[in-house]
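Shown next, in structure tokens, is the structure this report addresses.
So you know, we letter chains A, B, ... as the sequences are listed, proteins then strands, and number each from 1. Any value given below was found using the heavy atoms of this structure, including those in side chains, with hydrogens, waters and symmetry copies removed.
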Amino acid sequence: MTADRSDPVPVNAATAEPSRFDAASADVRWQRAWDERQCFRADDRSTRPRSYILEMFPYPSGRIHIGHVRNYTMGDVLARTKRMQGFEVLHPMGWDAFGMPAENAAMDKGVHPGGWTRENIATMKAQLKRLGFALDWSRELATCEPEYYGHEQALFLDLYAAGLVYRRESAVNWDPVDQTVLANEQVIDGRGWRSGAVVEKRKLNQWFLKITDFADELLDGLETLDKWPDKVRLMQANWIGKSQGLQFRFDLSNGGVVDVYTTRPDTIFGASFVAVAADHPIAQAVAAGNPAAQEFIALCKQGGTTAAELETAEKLGFDTGIVARHPFSEADLPVFIANFVLMEYGTGAIMAVPGHDQRDFEFATKYALPIIRVVAASADAADQPFAGEAEAGDGVLVNSDFLNGQPVADAKAAVIARAEAGGWGEGKTVWRLRDWGVSRQRYWGTPIPFIHCDACGVVPVPKDRLPVILPDDVDFETPGNPLVRHATWKHVPCPQCGAPAQRETDTLDTFVDSSWYFLRFASQPADRPFDPDAIAKWLPVEQYIGGIEHAILHLLYARFWTRALERIGKIAVKEPFASLFTQGMVTHETYSRVDPANGQPVFFSPAEVERIAEGATLRADGGAVEVGRVIKMSKSKKNVVDPDEIVATYGADAIRWFMLSDSPPERDLPWSEAGIEGCARFVQRLWRLFGQFEGAALGKNEALDRKRDQTVAAAAEDIAALSFNKAVARIYELANAIDKAAPSASRSQAIRTLLLLVAPMMPHLAEEAWALIGGEGLVAEAAWPSVDPALLVDDQVTVAIQVKGKLRDTLSVPKGTAREKLEALALASDKVQRALDGAEVKKVIVVPDRLVNLVA
RNA sequence: GCGGACGUGGCGGAAUGGUAGACGCAGGGGACUUAAAAUCCCUUGAGCUUGCUCGUGCGGGUUCGAGUCCCGCCGUCCGUACCA
């Protein structure tokens, strides 16, 4: 239910001391007023145009950090501005509440993951409220509650029914000492973070979502996302990685064949060996009777599973003794098992062309295999040696028989055509994107709703028995998934035959939880995940805001999940986020001293340090500490500031203003004590300025009227583009102009407008001042100031006069002055004549209203 | 390794290929004050010959004109599929 906005609201009048804005009292008072009026509840039945503003929901890690404050302040300014501009705004908040840190807390502190998480949520919710965000708390959700994850289980079953869920074997990081699966984050230099044991790759049967079925449309869909940053679209396109290539067959000396895939069929004459993955059937077959090969394959299994680790590891190979016959030259190519070939991509086997692929180059160098040039800058450069690395670039084919002289693109097509004609290969599209493995061998996640029955196999839990609820009574004494060793939870009768069976003990990747929460915010029926009509009304999210670190995984998974639900008819929207904004991090310099005992740096928090002009000292002993680089705030470097302390000292509006000032929101924001003090001073300066509003003032100041309306128009554009730092700069300019102006009706009007302009950014100050100047109702419900279009254009412009591209003079002329007139005025300038020094003007470039360039 | 971004005064930054440094912070000088805080005013890229030269990470190029476009480097950051 939304409050009737035409109703005037009784407001508590200003604070006792009119010269100073008392944030400590005002903040809470206005937060209560908004709550009581339910100002920020989104009305599903509203007839206004809708706007869904969403920031990525937080993981409840303990306390809000400054990065959250920045993220939610940006969204809040947008949401409040949209509301003032007449939109029905949906601006919800919830908690991405499943995840590893809760289990780590359970192991480290002996607390229950659920209790720990819910306490964190309570703390962080109070912190967010204290910042005065215009959130619709009636739609709050936490993914760790059955009211949320039960619906997720139902959706997972729908996708299973549609054939988009399957099981297969896949490798995990296995800690052989703790006998548990490790996340990549828990593998440090190839060893388990707790046990220190060398981690192995181990294969487990796991659940997968068929995101590759959507590879084409996820790629094509990027073109419709014209309000996403180009960099994110590019990163996603590269991640999906569509490539056209050739899959073809080598005949082997042992009578078998091997299928390889290459994106560079043009370089086929440069192939000097064939390499297969350690998991490849050929490798397995060779290993069967060969202890040395077994040893090598075991070596390949060591270490973690990340791409960075695999790619940077030393290239290692094992010569199988098998040779492959080159389809054209009929040369014999040795077949290696190689640790840099991935079973997941292509066919798990490659033709290696050392001259034109860096990994192959390194491998060939190590094992003294031929490196043949088959692409060169020109046809006569066929013998040019390599400069210590492969050349992956464009050129023309050389040393390549019938391909010689052809450009790379033509040669690709020619080889594919010959392979298809000869029946030994075919052109093929291959995707870099792999299916999404969602199984996690962990407790604190959404239980995967399946039951394993010896007789019936894998059986879905019937929907009327959802949710499958996590048991509370679990222990974290031993490593590994407590669901597996729980006494009763997993033992259930098979839903089909009734025989004793076992629940699936894997839980879902938390990225699944965050792949549809934006739908649940739009509507929250108890009996279904969402109401499609409500989805149709609110979605897509008009503006989504979050960290750039989510550019690929979270955003791709959310796009996939939305498209999958669309395909199976649950919703009618294909893309969840119409516009995306990726914000930068909040950073701070570090303070440290080297501990003489071990040579390691000891870090100190900003609160422990006194910052002086040249350097910093430790408050405790007055000695110097080293001031380090400005880096992302992190607990380990202690360069963190607690938002609660800042709010307590300076008020919510000062920290909000700091978050918006100076740094462009997509870039990193360096926190500084001086900066927040400057913001707090500006809050007080505005308070004094607002106090100068006189309802009865007379007189017109056209220059100020112009400045006022130009600022409103420009700031609205800046806010819509999330260029808050520019809006802030304009607000300063307007405040400066008002300060300098003599009292008049225009000045009072400008003060009132300024108040409305800053209302989304400093809502508490704005409410207090609004009450003071006799504004009607709450400023949170006031209308955005209107502008007179006639005042937006200046009638006088400054034109730059250049001689040979260097600035020599400027002219103030009426807007629209003719080219000839501008040229004549430029030539009449003394400074121009001095710069010309008698030289003849050969060419004149005139950009009307901007510049004249005289080229001598 | 691969993919993507970013780099401008002491600092954060502004600038549809068209006056580089808007706006803020910090600094310097002054006013007010017994004093301080607060506030207000002036000033602040560098160099020199005071109206000129240099100046947007480095090296090239395109253009009448480049912070902006192109090529090649260097540095920093993000992601790399089980951190969220």
Side-chain angles (χ1 to χ4, degrees), chain A residues 19-20 56 58-59 61 96 98-101 172-173 181-187 211 229-232 234-239 241 304-313 315 340 344 358-359 362 432-442 509-511 514 547-554 556-557 582 584-585 587 613 629-632 661-664 666-670 672 674-675 677-679 681-682 684-685 688 725-726 728-733 736 739 798-810 831 834-835 842-845 847 850-856:
Chain A
S19 63
R20 232 183 134 67
M56 292 179 186
Y59 177 77
S61 55
D96 188 13
F98 276 136
M100 274 200 322
V172 294
N173 301 306
V181 176
L182 298 179
N184 287 334
E185 191 187 50
Q186 299 172 316
V187 180
I211 190 172
D230 287 341
K231 62 178 173 185
V232 175
L234 188 55
M235 278 189 268
Q236 291 214 351
N238 289 339
W239 184 263
T305 57
T306 70
E309 223 171 331
L310 295 173
E311 294 279 344
T312 53
K315 310 287 177 285
F340 66 93
E344 274 95 4
Q358 185 58 27
R359 290 165 304 179
E362 286 170 31
R432 194 182 158 278
L433 182 68
R434 307 198 299 258
D435 275 336
W436 177 12
V438 293
S439 278
R440 296 293 179 271
Q441 296 70 39
R442 279 192 267 282
D509 179 4
T510 56
F511 273 128
S514 54
I548 184 66
E549 68 274 17
H550 294 294
I552 297 174
L553 292 181
H554 160 60
L556 191 63
Y557 291 147
T582 55
M585 297 175 302
T587 57
R629 281 196 312 131
V630 177
I631 56 170
K632 178 180 181 173
S661 304
D662 296 350
S663 282
E666 68 277 12
R667 276 205 234 167
D668 289 349
L669 170 66
S672 81
E677 280 171 12
C679 291
R681 277 200 298 273
F682 187 61
Q684 297 302 336
R685 183 178 160 208
R688 292 191 299 273
N725 58 319
K726 294 186 212 169
V728 162
R730 292 185 209 285
I731 285 169
Y732 275 115
E733 284 188 47
N736 290 345
D739 256 343
T798 304
V799 172
I801 311 300
Q802 298 181 336
V803 175
K804 287 186 280 188
K806 282 185 191 281
L807 181 75
R808 295 301 171 184
D809 202 358
T810 58
K831 292 174 181 169
R834 213 178 314 141
K842 298 191 183 99
K843 189 173 172 188
V844 181
I845 286 128
V847 182
R850 287 218 79 120
L851 143 154
V852 178
N853 187 9
L854 305 168
V855 185

CD-NZ distance between A:Glu362 and A:Lys315, expressed to the nearest 0.5 angstrom =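 Going from the CD atom of A:Glu362 to the NZ atom of A:Lys315 covers 4.5 Å.
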Looking across every strand, which nucleic acid part, if any, lies under 4.0 Å from [X] by heavy atom: base, sugar-phosphate, or nothing?
| X | answer |
| --- | --- |
| A:Ser672 | nothing |
| A:Gln684 | nothing |
| A:Gly584 | nothing |
| A:Arg359 | nothing |
| A:Lys842 | nothing |
| A:Asn736 | sugar-phosphate |
| A:Thr810 | base |
| A:Leu234 | sugar-phosphate |
| A:Thr510 | sugar-phosphate |
| A:Val844 | nothing |
| A:Gln802 | base |
| A:Ala551 | nothing |
| A:Val799 | nothing |

Could you tell me whether the side chain of [Y] reaches within less than 4.5 Å of the side chain of [X], counting heavy atoms only?
| X | Y | answer |
| --- | --- | --- |
| A:Gln186 | A:Met100 | yes |
| A:Val799 | A:Val852 | yes |
| A:Val844 | A:Asn853 | no |
| A:Leu854 | A:Gln802 | no |
| A:Ile631 | A:Thr587 | no |
| A:Arg432 | A:Trp239 | yes |

Position toward the 5' end of RNA chain B (nearest nucleotide), A:Val847 or A:Pro101 |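 It is A:Val847, whose closest nucleotide lies nearer the 5' terminus.
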For A:Lys843 and A:Tyr59, take the nucleotide of RNA chain B holding the closest heavy atom to each; which residue's nucleotide lies nearer the 5' end?
->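 Counting from the 5' end, the first nearest nucleotide belongs to A:Lys843.
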Have a look at B:G61 and give me syn or anti from its glycosidic angle (syn if within 90° of zero).
->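 Here B:G61 takes the anti form, which means its glycosidic angle is more than 90° from 0.
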Please find the earliest and latest nucleotides of RNA chain B, in the 5' to 3' direction, that have an atom within less than 4.0 Å of any heavy atom of chain A.
->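 The footprint of chain A covers B:G1 to B:A84.
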In dot-bracket, 5' to 3', how would RNA chain B read with Watson-Crick or G-U wobble pairs under 3.5 Å, [ ] for crossing ones and | for pairs to another strand?
-> (((((((..(((.....[....))).(((((.......))))).((((..))))..(((((..]....))))))))))))....
Examine A:Tyr59 together with A:Phe98 and report whether their ring centres are nearer than 6.0 Å.
->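 No - the distance between ring centres of A:Tyr59 and A:Phe98 does not fall below the 6.0 Å cut-off.
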Who pairs with A:Asp96 by side-chain hydrogen bond (donor to acceptor under 3.5 Å, both in side chains), at least two apart in sequence or on another chain?
->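 None.
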So, A:Asp668 versus A:Ser663: side-chain donor-acceptor pair below 3.5 Å or not?
->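 There is no such pair between these side chains.
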On a whole-Å scale, what distance lies between the C1' atoms belonging to B:U43 and B:G10?
->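 Looking at atom C1' only, B:U43 and B:G10 are 16 Å apart.
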